[in-house]
There are 4 protein chains.
Amino acid sequence: MPDSAHSEAPARRVRADAQRNVDQLLEAAKAVFAVSGVDAPVREIAAQAGVGVGTLYRHFPQRSDLITAVFKNEVDATAAEAAGLVSGREPLEALVAWLMRFTGFIATKQGLAAALHSGDAAYESLPGYFESRFGPVLTSLLEGAEQAGEIRAGDVEPIDLLRAVANLSLSGDEDHTRRMVRLIIDGLRFSAER
Amino acid sequence: MPDSAHSEAPARRVRADAQRNVDQLLEAAKAVFAVSGVDAPVREIAAQAGVGVGTLYRHFPQRSDLITAVFKNEVDATAAEAAGLVSGREPLEALVAWLMRFTGFIATKQGLAAALHSGDAAYESLPGYFESRFGPVLTSLLEGAEQAGEIRAGDVEPIDLLRAVANLSLSGDEDHTRRMVRLIIDGLRFSAER
Amino acid sequence: MPDSAHSEAPARRVRADAQRNVDQLLEAAKAVFAVSGVDAPVREIAAQAGVGVGTLYRHFPQRSDLITAVFKNEVDATAAEAAGLVSGREPLEALVAWLMRFTGFIATKQGLAAALHSGDAAYESLPGYFESRFGPVLTSLLEGAEQAGEIRAGDVEPIDLLRAVANLSLSGDEDHTRRMVRLIIDGLRFSAER
Amino acid sequence: MPDSAHSEAPARRVRADAQRNVDQLLEAAKAVFAVSGVDAPVREIAAQAGVGVGTLYRHFPQRSDLITAVFKNEVDATAAEAAGLVSGREPLEALVAWLMRFTGFIATKQGLAAALHSGDAAYESLPGYFESRFGPVLTSLLEGAEQAGEIRAGDVEPIDLLRAVANLSLSGDEDHTRRMVRLIIDGLRFSAER
DNA sequence: GATGAATGAGGCTTCATTCAT
DNA sequence: AATGAATGAAGCCTCATTCAT
């Protein structure tokens, strides 16, 4: 919902430039974080975005502002893909597919875990945001699998499962991650058999 | 196996302080790494060990030397505890107990994963060391559980399981880790039922 | 030949302070090198220039960048003074006058010889620059003296003479240097007499 | 004239070891100075001598003690070679031969000039020592050449000539040094012709 | 006496952040 | 608003020198 919704006031102009800079910074930060981690030098991000460091600081006074913005951006994008991944798949496979998509998101967050554990108040909202966006998606996928008789959804909290998959994806080895995700899913199937 | 194993050789003396300093450095480094990660300032480690930075550099010219020494030290200690944890426990519980002990080891390795992925040749030997020490222990535990009919050991490579548990323990939340480890073990039990 | 030679191009602005800092750094470095040699602490140079060390590193990322810049700066200045020194002097005296001016340049290069001999590729261009600027000047002076029948110019390579005078000036005793320069000139006159 | 001239007192024993260490240190220092200059790391010298740094400091508490000892040692050796170089040579050639031998001595003193100019009182005695040993030798060689009618010895102070040749030899290019020494000698011959 | 381990000052360099243009 | 130059704190590392063994 952009501020420019009301065109009657002269409002701020030049918003185009500024917004483009923000977008470029977010994109650059995402790319740099994936390669060099969230502690990457500020100048590297600014350079990749094609702006001066001053511009970066104007839009993101704290490093944490940039990190959280990138993070939320990607959380939104990942959550939005859920529907597409699910359609046409068996419930259990849909669950695995989405979890694997989710690991791709995490794998670009080198150093984020450390930031989250740093105790910096700026990151306090992230887990909640994370859960608010992914929780419903995952809950729905788990319920689908449960209704298909594949698992017993009550055996795991969605957020627990997300954390686990997030941590597993830190290995950076996608094949390994996939195997371990399936093993966890098997764990859910195990209890369903009892 | 220290040189002093054979007391008949004159060997170097003075080793007393030097060895004590090395020990203090390893202990301090372990503690600091757990809190501040493996990129913690050199001075912090030296100060905690009660020595000057020069002493640290004498014994560990590269940061990687200190990291690998601490790592191997703890790998050894963790592996050595396997027997005690196993005795008197049912096979499956022994497996879980040891894996949880193992997570305690990993939880103090903040930043080590990044170092391992850095491509620095100094760390190349660590995965092998890790596997050589833990592989046999875990294989033995898995076989015990298999012979008890609890799991099907062939469904997972010991090293895969170690990596998974290591990554899970990065959450820093021991309860969560324990739940997820049990979920993975359930995954192994699932296939055993088929 | 600065970019700003053509005022029609927009070019970068802000250049004013930056250029002033560069100039101050070069001047400070020249002074500090003369007193403490080219290995003087970076901070000393930055302080004398009235800037932070970061500014020094921005403009001269390597110490060798600063050394070569100072060097070339002074080579240019010294070469440019040739005309003024020559006019109104007898050829031989003009030669001596210029060589003595040249010694003043060298006397501020404490430690440069060692740097040149260090094998660092950054200094490879200096001897060539040196020769390209001073060679023609000295050749012209030698030819003037030869045409006046004072010396036989073919008896010495200009670059040999420059090196010799440069080394002689390292004594730091101007009077001694002057006597020895004259002695060398006498050496050139000797052969002219035969 | 060794202290052990009087064998009646028990005197200090172990002198052999200590003296050997001193000799090894002097030799090592000479070699290291030639390669790395007189500011070379203390440990490099101790290592090359095969002793601990403590031993170096015992015998040479100050770096200047070691430098001056090496220097005097070599001054003595160089002066002692004068007779051999002179015999069987024409006076002028004898002079050149000795000067060139002298340049070989200087060429191994990278950084000594800087030390001498440092104002450190420890080096104050060196020029005097230098002159007291070399002055007579050179005076004698100059007089020989003068008596042969080749030069006019009064035109240059022996010490001036030594300084000049010392500085010329800093180029490290022996051929160049030789040419310039000959040019200086020609300078002396020039005045003899008048 | 000899050794070499320990110390820590001192020099180097990077980079987050500010601020003049 | 944007830029990027300047700043300087902070971390790294290397020795000269001392001193326990």
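Not measured: the values here are computed from a predicted model. Every chain is numbered from 1 and lettered A, B, ... according to where its sequence line falls, protein lines coming before strand lines.
Rounded to an integer number of Å, the gap from D:D39 CG to F:dA16 C1' is 12 Å. For the pair B:I45 CD1 and F:dG11 P, the interatomic distance rounds to 12 Å; values are reported in whole Å. Rounding to whole angstrom units, CG of residue A:L56 and P of E:dC19 are separated by 17 Å. Rounded to a whole Å, the CD atom of C:Q19 is 21 Å from the P atom of E:dA20. One atom, CD of B:Q62, and another, P of F:dC12, lie 13 Å apart when rounded to the nearest Å. Distance CG (C:D17) to C1' (F:dA6): 9 Å, rounded to an integer number of Å. Computed from coordinates, the D:F60 CZ to F:dT17 C1' distance equals 17 Å when rounded to whole Å. The CD-C1' distance, from D:E44 to F:dT17, rounds to 17 Å in whole Å.
A 4.5 Å side-chain heavy-atom check between C:L126 and C:K72 finds at least one atom pair inside the cut-off. With a 4.5 Å cut-off on side-chain heavy atoms, D:V70 and D:F60 do not count as touching.
Picking from F:dA6, E:dC12, E:dG10 the nucleotide with the shortest atom distance to the side chain of C:A18 gives F:dA6. Ranking E:dC12, E:dA16, F:dT7 by closeness to the C:T55 side chain, first place goes to F:dT7. Relative to the side chain of D:V51, the nucleotides E:dG11, E:dA6, E:dT3 differ in distance, and E:dT3 lies closest. Of the candidate nucleotides E:dC12, E:dA16, F:dC12, E:dA16 has the atom nearest to the side chain of A:R43.
D:N21 has a side-chain polar atom (N or O) that falls below the 4.0 Å cut-off from OP1 or OP2 of E:dA2. At F:dA2, one or more side-chain N or O atoms of A:H59 fall inside 4.0 Å of OP1 or OP2 (strictly under the cut-off).
Interatomic distance, B:K30 NZ to B:T108 OG1, rounded to the nearest 0.5 Å: 6.5 Å. The OH atom of B:Y57 sits 12.0 Å away from atom CG of B:L25, with the distance rounded to the nearest 0.5 Å.
Nearer to the 5' terminus of DNA chain E, by closest-nucleotide assignment, is the contact made by B:V22 (compared with the other of B:V22 and C:P61). Where C:V53 and D:Y57 meet DNA chain F, the nucleotide closest to each residue was compared, and C:V53 sits on the side nearer the 5' end. Toward the 5' end of DNA chain E, the nearer of the two residues C:G54 and B:G54, judged by each one's closest nucleotide, is B:G54.
Within 3.5 Å, no donor on the side chain of D:R58 pairs with an acceptor on the base of E:dT3, nor the reverse.
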Original post:
Once Watson-Crick and G-U wobble pairs under 3.5 Å are found, how is DNA chain E written in dot-bracket notation, 5' to 3', with | for any base paired to another strand?
Top reply: .||||||||||||||||||||
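Checked by atom type and distance alone, the side chain of D:R43 never pairs as donor or acceptor with a backbone atom of D:G52 at under 3.5 Å.
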